[in-house]
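Down below is the structure, laid out as structure tokens.
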Amino acid sequence: MDDLDIDAQTFEFIDGSIYAKDKNKVYYKNHEGELTVVQNASPETFELIGTGINYEYLAKDNENYYYQGFIIDNVDYDSFKIIVIHYAK
């Protein structure tokens, strides 16, 4: 984890999910169990938008929505809505 420059004092997994954050960055734990940095994510406003299996992949911050650690492109932030897992409008 040292190569990710994680702040150990503030590092925590978010609600037991596959996302974590510290005071500087947001992280995603991939299928291999490795942490990667979620690019452009704000640790201050980052939150899960669903609960339960598969929904833990979905998250948002004050500017973007994320799925499996990546920004969901071409989303109108204010009207974006999850219908069921893998389907949104």
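Since this is a predicted model, take the numbers as computed values, not measurements.
Across all non-hydrogen atoms, the minimal contact from Lys25 to Asp5 is NZ-CB, 3.7 Å. Ala41 approaches Pro43 most closely through the heavy-atom pair O-CD, 3.4 Å. For the residue pair Asn62 and Tyr77, the shortest heavy atom distance occurs at CA-OH, 3.8 Å.
The side chain to side chain donor-acceptor pair (under 3.5 Å) test applied to Asn24 returns no partner, not counting sequence neighbours. The salt bridge (Lys or Arg N to Asp or Glu O under 4.0 Å) check on Glu47 picks up Lys60, with sequence neighbours excluded. Contacts of Phe70 classified as ring-ring contact (aromatic ring centres under 6.0 Å, His included), with partners at least two apart in sequence or in another chain: none. When the side chain to side chain donor-acceptor pair (under 3.5 Å) test is applied to Asp15, no partner is found at least two apart in sequence or on another chain. For the ring-ring contact (aromatic ring centres under 6.0 Å, His included) test, residues two or more places apart in sequence or in another chain that qualify with Tyr19 are Tyr28, Phe46. Evaluation of the side chain to side chain contact (heavy atoms under 4.5 Å, CB included) rule for Glu12 yields Lys21 as partners, not counting sequence neighbours.
Between Phe80 atom CZ and Leu58 atom CG the span is 7.0 Å, to the nearest 0.5 Å. Distance check, rounded to the nearest 0.5 Å: CG of Asn40 to CD1 of Ile71 gives 4.5 Å. For the atom pair NZ of Lys29 and CD of Gln68, the computed distance is 14.5 Å after rounding to the nearest 0.5 Å.
Inter-residue side-chain proximity for Leu35 and Leu4 is flagged as met; some heavy-atom pair is nearer than 4.5 Å. Taking 4.5 Å as the limit, every side-chain heavy atom of Phe13 sits out of range of all side-chain heavy atoms of Ile18. No side-chain heavy atom of Val37 sits less than 4.5 Å from a side-chain heavy atom of Val26. At a threshold of 4.5 Å between non-hydrogen side-chain atoms, the residues Phe11 and Gln9 do not count as touching. Contact check for Asp78 versus Asp76: side-chain heavy atoms found under the 4.5 Å cut-off.
Judged purely by distance below 3.5 Å, without hydrogens or angles, the side chains of Asp61 and Tyr66 pair a donor atom with an acceptor atom.
A donor-acceptor contact shorter than 3.5 Å links the side chain of Asp22 to the backbone of Asp7.
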